Amino acid sequence: SGNGSNLQAILDAIRTQNLPCAVQAVISNRKEAYGLTRAEHANIPTHIIDLQHFQNKNAFETALATCIESYRPELIVMAGFMFVLSARFVKRYEGKIINIHPSLLPLYRGLHTHQRVLASKERIHGATVHFATEELDAGPNIIQATVPVYNTDTADSLAERVLEKEHIILPLAIRWFAEGRLRKVGHQAFLDGKPLPSSGFLLKT
Ligand code: GRF
């Protein structure tokens with residue numbers, strides 16, 4: 001739904017950093033999503049599954065699941081997918097669906113995180129990659145990266161700084177999964193057989 005910059009970071013990491021995976025398809029719920037253009041430029045199949053074309057959310061999610069399953073993916077990455085999927089839908093893919101969220105979860109779940117962080121005069125902000133579960137923005141954290149908040153920051157300047165970290169931690173989480181190092185066991189994320197801290201792996205860059 002956004003600019004597709006996280007998708008681009010994944011595609012770039014595949015091309016230039018030997019990220020050991022391939023993007024099978026890009027699915028968007030909005031035809032305007034620029035990620036679709038980025039996928040087309042990379043010769044990756046795209047699908048638009050728009051809620052407006054369906055009787056209800058259930059029919060939409062059935063169509064989405066059918067499309068996903070036609071590719072038999074090992075991992076589903078929600079990168080800027082700004083649609084709240086039902087608990088039943090996410091449960092279907094538990095352990096093989098991850099999400100990136102622009103806050104230090106569990107702080108600032110939901111939308112407009114940068115505006116809320118500024119309003120709360122936080123000094124630290126960041127992004128989190130987590131396993132998606134039936135509860136929104138609440139699955140076990142995998143990786144977090146922090147950014148400082150400056151007095152001069154606007155939501156846009158903060159979003160830009162957070163996105164730079166997103167573009168590092170999302171490909172890294174995907175790399176760990178592709179290498180068989182990252183797994184979800186129960187409500188916990190494990191890396192190399194050891195449980196990750198509840199905050200996830202804190203990336204220092
Ligand atoms: C990012 O902050 C992402 O975390 C959120 O949407 C924003 C835009 O992402 N879900 P992208 O540029 O569309 O990848």
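Just so you know, these numbers come straight off a predicted model, no measurement behind them. Start at 1 with the first residue, then count along the sequence.
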We want to know whether Asn3 and Arg38 form a side-chain donor-acceptor pair, criterion being a heavy-atom distance below 3.5 angstrom.
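Arg38 and Asn3 do have a side-chain donor-acceptor pair below 3.5 Å.
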
Looking just at side-chain N and O atoms, do Ser157 and Asp153 make a donor-acceptor pair shorter than 3.5 Å?
yes

Inter-residue atom distance [X].[atom1] - [Y].[atom2], 0.5 Å rounding:
X      : Y      : atom1 : atom2 : result
Gln52  : Arg30  : CD    : CZ    : 10.0 Å
Ser198 : His187 : OG    : NE2   : 14.5 Å
Leu196 : Trp176 : CG    : CH2   : 6.5 Å
Ile14  : Ile10  : CD1   : CD1   : 7.0 Å
Asn58  : Arg88  : CG    : CZ    : 4.5 Å
Asn29  : Ile49  : CG    : CD1   : 9.5 Å

Just wondering, more than 12 heavy atoms not from [X] lying within 6.0 Å of its [atom1]?
X     : atom1 : result
Glu74 : CD    : no
Asn18 : CG    : no
Arg72 : CZ    : no

Which side-chain N or O atoms in residues 94-104 pair as donor and acceptor under 3.5 Å with protein atoms at least two apart or in another chain?
residue	atom	partner	partner atom	Å
Glu94	OE1	Lys91	NZ	3.1
Glu94	OE2	Lys184	NZ	2.7
Lys96	NZ	Pro73	O	3.0
Asn99	ND2	His130	NE2	3.2
His101	NE2	Ser103	OG	3.3
His101	NE2	Tyr108	O	2.8
Ser103	OG	Leu107	O	2.6
Ser103	OG	Tyr108	O	3.2

Does any part of the side chain of [Y], heavy atoms only, come nearer than 4.5 Å to the side chain of [X], both counted from C-beta?
X      : Y      : answer
Thr46  : Glu40  : yes
Leu75  : Cys21  : no
Val117 : His114 : no

Would you kindly confirm whether [X] and [Y] end up in one hydrophobic cluster when ILVMFWY residues are joined by side chain heavy atoms under 4.5 Å apart?
X     : Y      : result
Leu36 : Phe83  : no
Ile68 : Phe54  : yes
Val77 : Leu64  : no
Met78 : Phe177 : no
Ile76 : Leu85  : yes

Looking at every heavy atom in both [X] and [Y], which two are closest together, and how far apart are they?
X      : Y      : answer
Ala173 : Ile142 : CB-CG2, 4.1 Å
Leu19  : Pro171 : CD1-O, 3.5 Å
Leu158 : Pro148 : CD1-O, 4.2 Å
Ile169 : Val129 : CG1-CG2, 3.6 Å
Leu118 : Ala155 : CD1-N, 3.3 Å
Val26  : Gly35  : CG1-O, 4.3 Å

Let's go through Leu182 and Phe201 carefully: what are the C-alpha distance in whole Å and the side-chain angles of both, what is the deciding distance for side chain to side chain contact (heavy atoms under 4.5 Å, CB included) to 0.1 Å, and is it a yes or a no?
CA-CA 11 Å; Leu182 174 67; Phe201 178 92; over 6 Å; no

Is the shortest distance from a Lys or Arg side-chain nitrogen in Arg92 or Glu61 to a carboxylate oxygen in the other one below 4.0 Å?
no

Hey, is the main chain of [Y] close enough, under 3.5 Å, to the side chain of [X] for a donor-acceptor pair?
X      : Y      : result
Arg181 : Arg175 : no
Glu134 : Val90  : no
Gln144 : Leu105 : yes

Taking the six-membered ring for Trp, are His47 and Tyr71 parallel (under 30°), tilted (30 to 60°) or perpendicular (over 60°)?
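The rings of His47 and Tyr71 stand perpendicular, inter-plane angle above 60°.
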
Intermediate values then yes/no, side chain to side chain contact (heavy atoms under 4.5 Å, CB included), Leu163 and Asn6
CA-CA 8 Å; Leu163 266 178; Asn6 275 293; 4.0 Å; yes

For Arg109, which residues count as a side-chain hydrogen bond (donor to acceptor under 3.5 Å, both in side chains) partner, sequence neighbours excluded?
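Checked Arg109 against side-chain hydrogen bond (donor to acceptor under 3.5 Å, both in side chains); zero matches.
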
Yes or no on side chain to side chain contact (heavy atoms under 4.5 Å, CB included) for Glu160 and Asp156, after CA distance, side-chain angles and deciding distance?
CA-CA 6 Å; Glu160 194 179 328; Asp156 287 347; over 6 Å; no

Listed by chain and number, what are the salt bridge (charged side-chain N to carboxylate O under 4.0 Å, His left out) partners of Arg183, not counting sequence neighbours?
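Result, salt bridge (charged side-chain N to carboxylate O under 4.0 Å, His left out) vs Arg183: none returned.
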
Stepwise, does the side chain to side chain contact (heavy atoms under 4.5 Å, CB included) test hold for Asp137 with Thr128?
CA-CA 9 Å; Asp137 297 336; Thr128 306; over 6 Å; no

Among Val162, Leu170, Ile168, exactly one meets side-chain contact (heavy atoms from CB on, under 4.5 Å) together with Glu166. Which residue is that?
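Answer after filtering Val162, Leu170, Ile168: Val162.
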
